[in-house]
Number of protein chains: 2
Amino acid sequence: MSTQPISDVVISRLPLYLRTLEFLEKEGRQVTSSQELATRLGFSSAQIRKDLSYFGEFGKQGTGYAIPFLQSKLREILNIDHLWEVGVIGAGDLGRALVHYQGFAAQGFRIVAIFDDAPKKIGMAVGALTVQSMGEVARVVRESKLQIMILAVPAQVAQAVANQLVELGVRAILNYAPITLSVPAAVRVYYLDPVVGLQSMAYYLK
Amino acid sequence: MSTQPISDVVISRLPLYLRTLEFLEKEGRQVTSSQELATRLGFSSAQIRKDLSYFGEFGKQGTGYAIPFLQSKLREILNIDHLWEVGVIGAGDLGRALVHYQGFAAQGFRIVAIFDDAPKKIGMAVGALTVQSMGEVARVVRESKLQIMILAVPAQVAQAVANQLVELGVRAILNYAPITLSVPAAVRVYYLDPVVGLQSMAYYLK
DNA sequence: TAGATTGTTAATCGATTAACAATC
DNA sequence: TAGATTGTTAATCGATTAACAATC
């Protein structure tokens with residue numbers, strides 16, 4: 001264990017470890033090993049042990065890792081041992097699909113608001129939520145102390161919306177818009193762009 | 001320039017270069033520099049020059065890069081100088097949102113089919129397409145020679161569907177299901193999981 | 001005990017960047 | 001010409017892995 005800042009690539013693998021543990025747990029398993037996790041994820045077992053070692057000692061020699069224990073440790077480390085409330089900007093097909101998606105709550109996140117600026121969308125029901133106008137973003141982010149927002153707006157407006165979110169103190173943006181956002185270093189952005197994925201895979205389809 | 005295989009991290013940045021060039025082009029710009037691209041993307045200019053140098057010499061000393069020329073070179077390199085036909089498995093909210101998304105065609109991809117196994121979804125219109133049954137996947141993939149498929153199905157069935165796609169000769173899978181797929185090394189998988197993004201960002205929200 | 005697996009070190013591997021000659 | 005910027009080399013930085021003592 002160490003106190004130096006831990007690399008981003010290490011952090012980005014922790015959710016995959018957690019997800020694999022959840023999979024094994026659902027199969028009724030109690031214990032796993034770095035080797036088993038490695039095989040399932042396509043990593044080396046040394047990498048998994050090294051990644052975990054940045055945070056503590058969670059295994060037993062000769063035995064491996066107790067699945068529920070390691071899960072709970074990873075949730076603590078990732079800061080998802082409680083539910084984060086999240087807002088969605090953009091009530092297009094994607095924004096609405098995100099609100100309908102049932103996979104967030106079990107993983108530490110709950111979507112509590114959705115916003116759009118199109119008059120015909122404002123007031124529309126999406127699941128248990130109602131689309132609010134963009135004018136409400138500031139109030140809702142402040143009142144609910146939202147720190148994480150999902151951007152599901154067209155590329156042309158994404159930077160302007162991001163600026164507004166940064167201004168309001170939002171600290172993490174899950175960005176579906178196909179644009180690299182310019183934000184202060186303290187604000188995290190995670191990019192999800194299907195086109196980037198398709199284009200980089202196309203390279204290999206010679 | 002060299003003929004050794006080029007690292008995946010290099011390839012994954014090329015779509016970002018292309019996207020930035022398109023942005024500058026829309027602003028009416030004719031020429032850019034590695035420094036300008038670097039600033040917009042948060043990379044170093046040396047990295048951009050090095051990445052491009054794996055594929056050729058596209059710039060002019062003292063001047064920089066002609067935007068339309070570099071765009072067309074990147075499209076060639078990425079193998080997107082023609083339109084790829086793509087199929088979507090899963091006609092849930094996400095699958096339908098993907099079919100409706102207008103951003104693919106200009107980037108080299110066209111969704112030509114959508115499949116689901118729920119009887120109530122089969123036959124449903126989604127944009128210009130009609131949801132087909134899973135029984136049709138084999139026929140359509142073969143007839144249209146689809147090499148790229150998008151997986152927008154629940155995690156529990158994703159591996160089984162992936163197996164079927166691999167069997168049919170599909171070579172690239174854009175995977176929205178929250179599971180690491182096990183596929184032969186020759187098959188590319190690109191993962192898009194919002195939960196992984198949210199969880200890794202939550203780490204920093206101490 | 002014998003076998004298995006951890007946590008960690010040191011070596012290796014690979015990616016990034018600083019620097020600069022070449023040249024537009 | 002003077003200034004700017006490329007393409008490339010070599011150095012640096014950082015991430016991965018092999019190996020193994022410790023120990024369950």
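Naming: A, B, ... by sequence-line order, numbering from 1 per chain.
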What's the CD1-C1' distance between B:I11 and C:dG14, to the nearest Å?
15 Å
Contiguous pairing runs of three or more, Watson-Crick or G-U under 3.5 Å, that involve DNA chain C:
C:3-24 with D:3-24
Residues at least two apart in sequence or cross-chain that pass salt bridge (charged side-chain N to carboxylate O under 4.0 Å, His left out) with B:K121, listed by chain then number, are B:D116
Grab the CG-P distance between A:D51 and C:dT8 for me, whole Å please.
13 Å
Taking 4.0 Å as the cut-off, does a side-chain nitrogen or oxygen of A:Y65 come that near to OP1 or OP2 on C:dA4?
no
Output the rounded distance in Å from CZ (B:F55) to P (D:dG7).
13 Å
Between P of C:dT5 and CD1 of A:I48, the distance in whole Å
14 Å
Rounded to the Å, how far apart are A:I6 CD1 and D:dA15 C1'?
14 Å
What pairs with A:E76 under salt bridge (charged side-chain N to carboxylate O under 4.0 Å, His left out), at least two apart in sequence or on another chain?
A:K73
Please enumerate all residues that pass salt bridge (charged side-chain N to carboxylate O under 4.0 Å, His left out) together with B:E57, with sequence neighbours excluded.
none
Among C:dT8, D:dT16, D:dT8, the nucleotide that comes nearest once only the side chain of A:S53 is considered
C:dT8
Under the salt bridge (charged side-chain N to carboxylate O under 4.0 Å, His left out) rule, collect the residues that match up with B:R49, sequence neighbours excluded.
none
Note: contacts of residues 29-38 of chain A with DNA chain C (heavy atom, under 4.0 Å) are A:S33, A:S34
Taking only the side-chain heavy atoms of B:E57 (C-beta and beyond), determine which of D:dA15, C:dA15, D:dT8 contains the nearest atom.
D:dT8
What is the nucleic acid contact for B:S7, judged by heavy atoms within less than 4.0 Å: base, sugar-phosphate only, or nothing?
sugar-phosphate
Do A:K206 and A:Y203 meet the cation-pi criteria used here (NZ or CZ under 6.0 Å from the six-membered ring centre, within 45° of the axis)?
yes
Test of understanding: with side chain to side chain contact (heavy atoms under 4.5 Å, CB included), list the residues that count as partners of A:D117, not counting sequence neighbours.
A:M134
Sorted by chain and number, sequence neighbours left out, side chain to side chain contact (heavy atoms under 4.5 Å, CB included) with B:T39 holds for B:Q35
Where protein sits on nucleotides 17-24 of chain D, one letter per nucleotide: B base, S sugar-phosphate only, - none, heavy atoms under 4.0 Å:
BBB--BBB
A:D8 has an atom CG; how far is it from atom C1' of C:dT16, in whole Å?
16 Å
Return the set of residues passing ring pair (Phe, Tyr, Trp, His ring centres under 6.0 Å) with B:F69 (not counting sequence neighbours), or none when no residue passes.
none
Contacts under 3.5 angstrom, residues 184-197 of chain B side chains, donor-acceptor by atom type, not counting sequence neighbours:
{"residue": "B:R188", "atom": "NH2", "partner": "B:D8", "partner atom": "OD1", "Å": "2.8"}
{"residue": "B:Y191", "atom": "OH", "partner": "B:L181", "partner atom": "N", "Å": "2.9"}
{"residue": "B:D193", "atom": "OD1", "partner": "B:V195", "partner atom": "N", "Å": "2.9"}
{"residue": "B:D193", "atom": "OD2", "partner": "A:R19", "partner atom": "NH2", "Å": "2.6"}

Under 3.5 Å, side chain of A:S133 to main-chain N/O of A:G135, donor-acceptor pair present?
yes
Side chain to side chain donor-acceptor pair (under 3.5 Å) filter on B:N163, not counting sequence neighbours, yields B:Q159
